[in-house]
S.K.: 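Would you mind keeping the following structure in view while I ask a few things?
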2 protein chains.
Amino acid sequence: MSVSEKNQPEASEVRERILDAAEELFAEQGFDAVSLRQITTRAEVNLAAVNYYFGSKGGLVVEVLARVVGPINQRRLQMLDEAETQAAGQAVEVETILAAVFRPVIVSMNESEHSRQVVMKLAGRCMSEAGSEMPEAMRRLFREVADRFCASLSKALPRLSAAEVFWRMHFTIGSMLYALTQHETLVLLSDGKVLADDAEKALEELVAFTAGGLRAQNAKEGAGK
Amino acid sequence: MSVSEKNQPEASEVRERILDAAEELFAEQGFDAVSLRQITTRAEVNLAAVNYYFGSKGGLVVEVLARVVGPINQRRLQMLDEAETQAAGQAVEVETILAAVFRPVIVSMNESEHSRQVVMKLAGRCMSEAGSEMPEAMRRLFREVADRFCASLSKALPRLSAAEVFWRMHFTIGSMLYALTQHETLVLLSDGKVLADDAEKALEELVAFTAGGLRAQNAKEGAGK
DNA sequence: GTCTATAACTAGATAGAC
DNA sequence: GTCTATCTAGTTATAGAC
């Protein structure tokens, strides 16, 4: 057979190899802790290639984040679209909305052990470095999904004021991110009562908790400012 | 008057000045981003003093964290003690337990604008770097409060299994931390519907949401594995 | 487009004078 | 205890050969 080097088209894509290696290393150690040398060594490309393709380390970080978060947010919007179409103008059930937020993350994490690590760690970074890293690119992506889910939740929970919907959506995201990033801590603290690697159980519990929180009695309103 | 240099006892405490400067800088920029040179410059002490007093940068980080988190956790335990004493053997109300978790953080933040920044940023860092930094010192501090609150919540919510209490306490912490760290994002996204600088309102909303989540219907249990 | 080589810089840590 | 001076090792980024 005429097996030439051109037989591996994916391996020739230096850019992709850099993104793959960076994704892994960022997930393992965080953005700051990883050097371009580590990335290019693992990717088996030259050090200078990073600056050639991404301009700087910061540019690489943004592209890695976008590549992970983009598909998740797309799937979220898609699930919400389907739910709203099916509801035919009526409000979508709270649990269904929540599933559209959470499920795509679980799906991404279940693609591989590596994906699980990446999503977890990147979620953690997003929590603490929301302002500094990802200057705008990511902001807009999140803004779109936030607006859509906010509108859907407002319809499902007409008793809540607009401000309250914002607050509670915020708490919901917090619950999700903390569950994602600190799952190992939870397993550790619980002395075996909470099992690792049971994503479906985690999703169930998360939906139950956040649905309860979203539906909760309003905070006292009569109190004077 | 015999005003000698010994008139400023606080200024001679090099160790304290380092901790103060490090706390501010870590809060502003994160642990990694701050160099020992920045810290010692702001503290107006010599570069070598950090290694003299704390052994290494890592040792300094641990002490800064402990100094911020320690008082908060002490106040939490104290509030829970008081509530349990008053309940005289009966279960403490969920909202009261939650206030004992949240209130001390608000109190610490309200001590000064600087405190607010510090607690916010350090909370963020704790979320994303829980494993790497603070190897054990902090772990034990958090473990104690986690155990106490877990027990109290189990008593208040007898319908929940031990595992469910863990899950929901976890989500509760996540809601709190996200509210703390991403409050500015929320203010921004809400277009003025959520106001900054209203810690009491934030506390009310947080308690309402998490109490609702904690009391929510159990996740479906009959489903086969 | 891809590489080598290196520039230009900053980091944390420490030895040894005072 | 506190300082200066320096060491070693790491970083990002780039100029220029191929």
Side-chain angles (χ1 to χ4, degrees), chain A residues 4-65 125 129 132-135 137, chain B residues 4-66 125 128-129 132-135 137:
Chain A
S4 72
E5 294 95 308
K6 293 166 88 178
N7 214 17
Q8 304 165 323
E10 78 285 350
S12 68
E13 290 293 344
V14 173
R15 207 187 123 93
E16 291 300 311
R17 288 223 306 278
I18 293 172
L19 282 170
D20 290 339
E23 191 176 291
E24 288 174 38
L25 287 165
F26 287 156
E28 288 166 18
Q29 305 170 38
F31 301 128
D32 298 330
V34 176
S35 70
L36 294 185
R37 281 179 173 78
Q38 282 178 274
I39 294 168
T40 52
T41 300
R42 179 174 297 201
E44 295 178 300
V45 302
N46 188 271
L47 175 60
V50 170
N51 277 312
Y52 178 77
Y53 284 107
F54 303 98
S56 70
K57 187 183 179 180
L60 174 60
V61 169
V62 170
E63 292 225 31
V64 167
L65 282 172
R125 295 286 151 178
E129 298 169 40
S132 57
E133 308 283 340
M134 48 174 184
Chain B
S4 72
E5 297 93 308
K6 293 166 89 179
N7 213 16
Q8 304 167 323
E10 78 286 348
S12 69
E13 290 294 344
V14 173
R15 206 188 123 92
E16 291 301 308
R17 288 224 307 278
I18 293 172
L19 283 170
D20 289 339
E23 190 177 293
E24 289 174 37
L25 287 164
F26 286 156
E28 288 167 16
Q29 304 171 39
F31 301 126
D32 298 329
V34 177
S35 69
L36 294 184
R37 282 174 174 80
Q38 280 178 275
I39 294 168
T40 52
T41 300
R42 179 175 298 203
E44 294 177 302
V45 302
N46 189 271
L47 175 60
V50 171
N51 277 313
Y52 179 77
Y53 284 107
F54 304 97
S56 70
K57 186 183 180 182
L60 174 59
V61 169
V62 170
E63 292 223 32
V64 168
L65 284 172
R125 293 286 152 179
S128 68
E129 295 170 39
S132 57
E133 309 284 338
M134 48 177 186

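Throughout, a chain's letter reflects where its sequence line sits, starting with A, and its residues are numbered from 1.
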S.K.: Near DNA chain C, counting only heavy atoms under 4.0 Å, which residues of residues 34-46 of chain B show up?
M.R.: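 Residues of residues 34-46 of chain B under 4.0 Å from DNA chain C: Val34(B), Ser35(B), Leu36(B), Arg37(B).
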
S.K.: Hey, can you pull the donor-acceptor pairs under 3.5 Å for the side chains in residues 42-51 of chain B, sequence neighbours left out?
M.R.:
{"residue": "Arg42(B)", "atom": "NH1", "partner": "Glu24(B)", "partner atom": "OE1", "Å": "2.5"}
{"residue": "Asn46(B)", "atom": "OD1", "partner": "Ala48(B)", "partner atom": "N", "Å": "2.8"}

S.K.: For Leu60(B) and dG12(C), what is the distance between atoms CG and C1' respectively, to the nearest whole Å?
M.R.: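 It works out to 12 Å between those atoms.
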
S.K.: From C-beta outward on Tyr52(A), which listed nucleotide comes closest to its side chain: dC3(C), dT2(D), dT2(C)?
M.R.: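 Nearest to the side-chain atoms of Tyr52(A), counting from C-beta on, is dT2(C).
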
S.K.: Kindly point out which of dT14(C), dT2(D), dT2(C) is positioned nearest to the side chain of Val14(B)?
M.R.: dT2(D)

S.K.: Filter on salt bridge (charged side-chain N to carboxylate O under 4.0 Å, His left out), then keep only pairs touching residues 47-56 of chain A, sequence neighbours left out; what's left?
M.R.: none

S.K.: Give a yes/no answer on whether the side chain of Asn51(A) brings an N or O atom under 4.0 Å of OP1 or OP2 in dT14(D).
M.R.: no

S.K.: Output the single nucleotide from dA15(C), dT2(C), dT12(D) whose closest atom is nearest the side chain of Lys57(A).
M.R.: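 The listed nucleotide nearest to Lys57(A)'s side chain is dT12(D).
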
S.K.: Between Glu13(A) (CD) and dT2(C) (P), how many Å, whole number?
M.R.: 9 Å

S.K.: In whole Å, I'd like the distance from the CG atom of Leu47(B) to the P atom of dG12(C).
M.R.: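 Atom-to-atom, Leu47(B) to dG12(C), this comes out as 8 Å.
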
S.K.: Mind checking what makes side-chain contact (heavy atoms from CB on, under 4.5 Å) contact with Ser35(A), not counting sequence neighbours?
M.R.: Arg37(A), Gln38(A)

S.K.: What is the separation between atom CD on Gln29(B) and atom P on dA11(C), rounded to the nearest whole Å?
M.R.: 11 Å

S.K.: Please output the side-chain donor-acceptor pairs of residues 53-64 of chain A that fall under 3.5 Å, not counting sequence neighbours, one pair per line with the distance.
M.R.:
{"residue": "Ser56(A)", "atom": "OG", "partner": "Gly58(A)", "partner atom": "N", "Å": "3.3"}
{"residue": "Ser56(A)", "atom": "OG", "partner": "Gly59(A)", "partner atom": "N", "Å": "3.3"}
{"residue": "Lys57(A)", "atom": "NZ", "partner": "Phe31(A)", "partner atom": "O", "Å": "3.0"}
{"residue": "Lys57(A)", "atom": "NZ", "partner": "Val34(A)", "partner atom": "O", "Å": "2.5"}
{"residue": "Glu63(A)", "atom": "OE1", "partner": "Arg15(A)", "partner atom": "NH2", "Å": "2.7"}

S.K.: Based on the rotation axes of five pairs at each end, what angle does the helix from dG1(C)-dC18(D) to dC18(C)-dG1(D) bend through, to 10°?
M.R.: 0°

